[in-house]
Number of protein chains: 2
Amino acid sequence: MGRMSQQSSTAPGPDGHGDRQCDRSGQRRATVVDVAQRAGVSTATVSRVMNRNYPVAAATRERVEAAMRELGYVVNAHARALAGTSARTVGIIVSELIDPFYAYIARGVEREATDGDRLCLVCCTQGDPQRELAFIELMHERRADAVVLVGGSVEDRAYKAELARRARELDAGGSKLVLCGRPSLGDGVPTVGVEYDNEGGAFAITDHLITQGHERILYLGGPPGLSTARDRLAGHRRALELRGIARDRELEQPGAFSRAFGYRRMTELLREGLEFTAVFAANDIVAAGAAQALEEAGVRIPLDMSLVGYDDIPVAQDLRPRLTTVRIPLEEMGRQAVRVALNGGDEDDWRAPTTGTLRLGTHIVVRESVAAPRSTLPGSARPRRS
Amino acid sequence: MGRMSQQSSTAPGPDGHGDRQCDRSGQRRATVVDVAQRAGVSTATVSRVMNRNYPVAAATRERVEAAMRELGYVVNAHARALAGTSARTVGIIVSELIDPFYAYIARGVEREATDGDRLCLVCCTQGDPQRELAFIELMHERRADAVVLVGGSVEDRAYKAELARRARELDAGGSKLVLCGRPSLGDGVPTVGVEYDNEGGAFAITDHLITQGHERILYLGGPPGLSTARDRLAGHRRALELRGIARDRELEQPGAFSRAFGYRRMTELLREGLEFTAVFAANDIVAAGAAQALEEAGVRIPLDMSLVGYDDIPVAQDLRPRLTTVRIPLEEMGRQAVRVALNGGDEDDWRAPTTGTLRLGTHIVVRESVAAPRSTLPGSARPRRS
DNA sequence: CTGAAAGCGCTAACAC
DNA sequence: GTGTTAGCGCTTTCAG
């Protein structure tokens, strides 16, 4: 047997150091070699027992399993990954775990990953594109099978180029960059994607408002530089246009996707006396802020003002009245994201030219926050400035 | 200069195969060897350049960095971890990412991990202790520097023993199991912990209710088998006892930590005509459900009924009236969890006997959901069964 | 400051 | 069925 080929190991150590460690916090973890020795078999057999991918005599197997148990053996996933098998990891990058929009998608990703016997690396960028890039790199270093990028992206040229570079690197290594809820990087870039009908949802809900008789609709929130916000605004405008309602720049009030923005801006607008009968908040969070401002100003929903949101996260049902909004299949998107990445080029190379994009639908959920504008009701004055 | 010492590389390839792979999806990732070759240095130098942990001539460094860039080199974290350095990973196990209670803690863990230049493995057990155990194992395989177990644990003997075994295994390997918001496993078990004053918070808020004049307080929700729920109920009982209020079993209605439970059970209780003037929901989610039931039954908060919760998650502020509740330093707990794990025995072995437990405080946040009971107001009838 | 070489722990041919 | 033996890609003494 060829062990001890050098003068370095195993034995108590000639000079008193070299083999320290048995004293304090950790007596060297057991390895396949230890297990093999104890069970009187080769390391190959131990490996076979663990992976159950090869016939092993029942008796042998038992001996090996006993040895593993007795030694408290735990495989080293890194060694395993190094030796060739996949790291069985999928990475997910969101801007904020606290935000239900991301949390639901993350849940889908985590569940699908777990179902596929993989672990999930999760990172939060806190909205910083630079961190996003850095995290992709980190996950690449970890050799994640897929890296899921969630949510709207900044519309920046240099940033996109950088992203494309990372996507190519990942692809070259057999991993996939998944764009979940954000636009593709272009045909040349090897990514897969899962989108939802963002523009369509916005169109539908604005149309819903118009159908109820609203013409002066305030569009509130959504960072102008974010793809998500851009698409929602686009859908909103299209609905207006289709119905022949002239666009009014004053009624477009983009801003952060935050409750604070919704509250603050709405308060200001109310004070300034801007005229409108309905509000389309770019997402439910903004709507929650707006609702609070409205409440404090004594404006009743939906009597004096209609309000709708986007995303259909839980807060939509906690608001009073319950919020009419656009539902996105958040969790499903997460699941599909990993599915599409793992089947899109791994083995079943079934005509997925590296850039497969899945598109899921959205639909509006009608609750109690919309009514016909007062002004169209016979005999009532419009709730204008005063 | 010693470049091209082997016959293997760079050139077009003498025999046409041997260097396969340049065609399909991945031309073999570049390795240190490739970089070293291209830069005309040894792999040791490349390593030194990457880790900046050793002096390297500026010129050499530049050549190496250029080579890395040109080759699109990305270190292999597994090889690195195998070679001895830590995996720079912390694991976190929660029951549900969607639940703000867990999400906030997870955020703390993620941020602290990121600040310490580590990545975060996240798993959801969906409340299944068996999965929890399995995930700990998987994270151990990944050689996570710490594994953070979040939230209440089931009070099961066999389960705890199993957990203790895992804790010892981890510890033997130099990792730490962190109990975040759950009781210690006993002195013999090498874990670290971060708790919050669960019982104290419950005591304080029940006392708050009593101080307002309430005597018949319904305790609603909280799975009897969960440590979290047990402690909250204990605090509640202690407050009652201290004030000399007799315990009434009918007023203790444990159950799931869910909105659905809060809604359903409250609806039933109202229908049955149970008498009480205030509700202490075991957490804010349950409180939200209860609030809805109350609303639908035409019971006004806090006029006809006072309501308090626990956790102080965002929904507490979305409810109308805003919910009086107990605040837990959720995110801080997450941060401390990784801090305590990473400093409790890593290098600064400053008297942390493997079992250090940090205890953070809680405090009540008074909002608008509590008032004196109608029955104590002069001249008004109690809102009893009818 | 730089190079050579010995592993880290596991898997996967390839023998027997 | 089971053993042998190369590596996987990186870090790290130990020598220059």
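All chains are named by letter (A, B, ...) in the order of the sequence lines, taking the proteins before the strands, and each is independently numbered beginning at 1. Below, each value reflects all heavy atoms present in this structure, side chains not excepted, and no hydrogens, waters or symmetry copies.
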For this session: Kindly indicate, with the supporting measurements, whether the criterion side chain to side chain contact (heavy atoms under 4.5 Å, CB included) is fulfilled by Val64(A) and Val35(A).
Result: CA-CA 7 Å; Val64(A) 172; Val35(A) 175; 4.2 Å; yes

Exercise. Which is true for Ala44(B) with a 4.0 Å heavy-atom rule: it touches a base, it touches only sugar-phosphate, or it touches nothing?
Worked result: base

Exercise. Hey, are Glu110(A) and Arg131(B) close enough for a salt bridge, meaning a charged N less than 4.0 Å from a carboxylate O?
Worked result: no

Problem set entry | dC10(D) phosphate, OP1 or OP2, under 4.0 Å from Tyr73(B) side-chain N/O | yes

For this session: Return the value, rounded to whole Å, for the distance between atom CZ of Arg48(A) and atom P of dC10(C).
Result: 15 Å

Exercise. How long is the line joining CD of Glu141(B) and P of dG9(C), in whole Å?
Worked result: 15 Å

Exercise. Given atom CZ of Arg80(A) and atom C1' of dC10(D), what is their separation to the nearest angstrom?
Worked result: 20 Å

Exercise. Nearest-Å distance, CZ (Arg88(A)) to C1' (dT11(C))?
Worked result: 15 Å

Exercise. Are Asp34(B) and Tyr73(B) close enough that some pair of their side-chain heavy atoms sits under 4.5 Å apart?
Worked result: no

Exercise. With respect to the side chain of Ala83(A), which nucleotide from dT11(C), dG1(D), dC1(C) is positioned closest?
Worked result: dT11(C)

For this session: Check whether any side-chain N or O of Thr45(B) sits under 4.0 Å from OP1 or OP2 of dG3(C), and answer yes or no.
Result: yes

Problem set entry | Arg61(B) or Arg143(B), whichever maps to the more 5' nucleotide of DNA chain C | Arg61(B)

Exercise. 5'-most contact on DNA chain C: Leu82(B) or Tyr54(B), nearest heavy atom basis?
Worked result: Tyr54(B)

Exercise. For Asn51(A) and dT11(C), is the shortest distance between a side-chain N/O and OP1 or OP2 below 4.0 Å?
Worked result: yes

For this session: Would you tell me if any nitrogen or oxygen in the side chain of Thr31(A) comes within less than 4.0 Å of OP1 or OP2 on dG9(C)?
Result: no

Problem set entry | Side chains of His140(B) and Val147(B) in contact at under 4.5 Å (non-hydrogen atoms) | no

Exercise. Hey, does Val33(B) reach any base, or is it just sugar-phosphate, or nothing, if we go heavy atoms under 4.0 Å?
Worked result: nothing

Problem set entry | Separation of atom CG in Asn76(A) from atom P in dC8(C), rounded to whole Å | 12 Å

For this session: Check whether any side-chain heavy atom of Arg88(A) lies under 4.5 Å from a side-chain heavy atom of Glu141(B), and answer yes or no.
Result: no

For this session: State whether Thr60(B) places a side-chain N or O below 4.0 Å from either non-bridging phosphate oxygen (OP1 or OP2) of dT2(C).
Result: yes

For this session: Answer yes when Arg166(B) and Glu169(B) have at least one side-chain N-carboxylate O distance shorter than 4.0 Å, and no when they do not.
Result: no

Seminar exercise, completed: Among dC10(D), dC10(C), dG9(D), the one nearest any side-chain atom of Val32(A) is dC10(C)

Exercise. Closest to the Pro55(B) side chain: dA5(C), dC1(C), dC10(D)?
Worked result: dC1(C)

Problem set entry | Given dC8(C), dA5(C), dC10(C), the nucleotide with the shortest approach to the side chain of Thr43(B) | dA5(C)

Exercise. What does Ser47(B) touch in the nucleic acid at a heavy-atom separation under 4.0 angstrom: a base, only the sugar-phosphate, or nothing?
Worked result: base

Exercise. NA contact type, Val46(A), heavy-atom cut-off 4.0 Å: base, sugar-phosphate, or nothing?
Worked result: nothing

For this session: Kindly point out which of dG3(D), dC8(C), dC10(C) is positioned nearest to the side chain of Ser42(A)?
Result: dG3(D)

For this session: Mind checking Thr85(B) for me? I need base, sugar-phosphate or nothing, with any heavy atom below 4.0 Å counting as a touch.
Result: sugar-phosphate

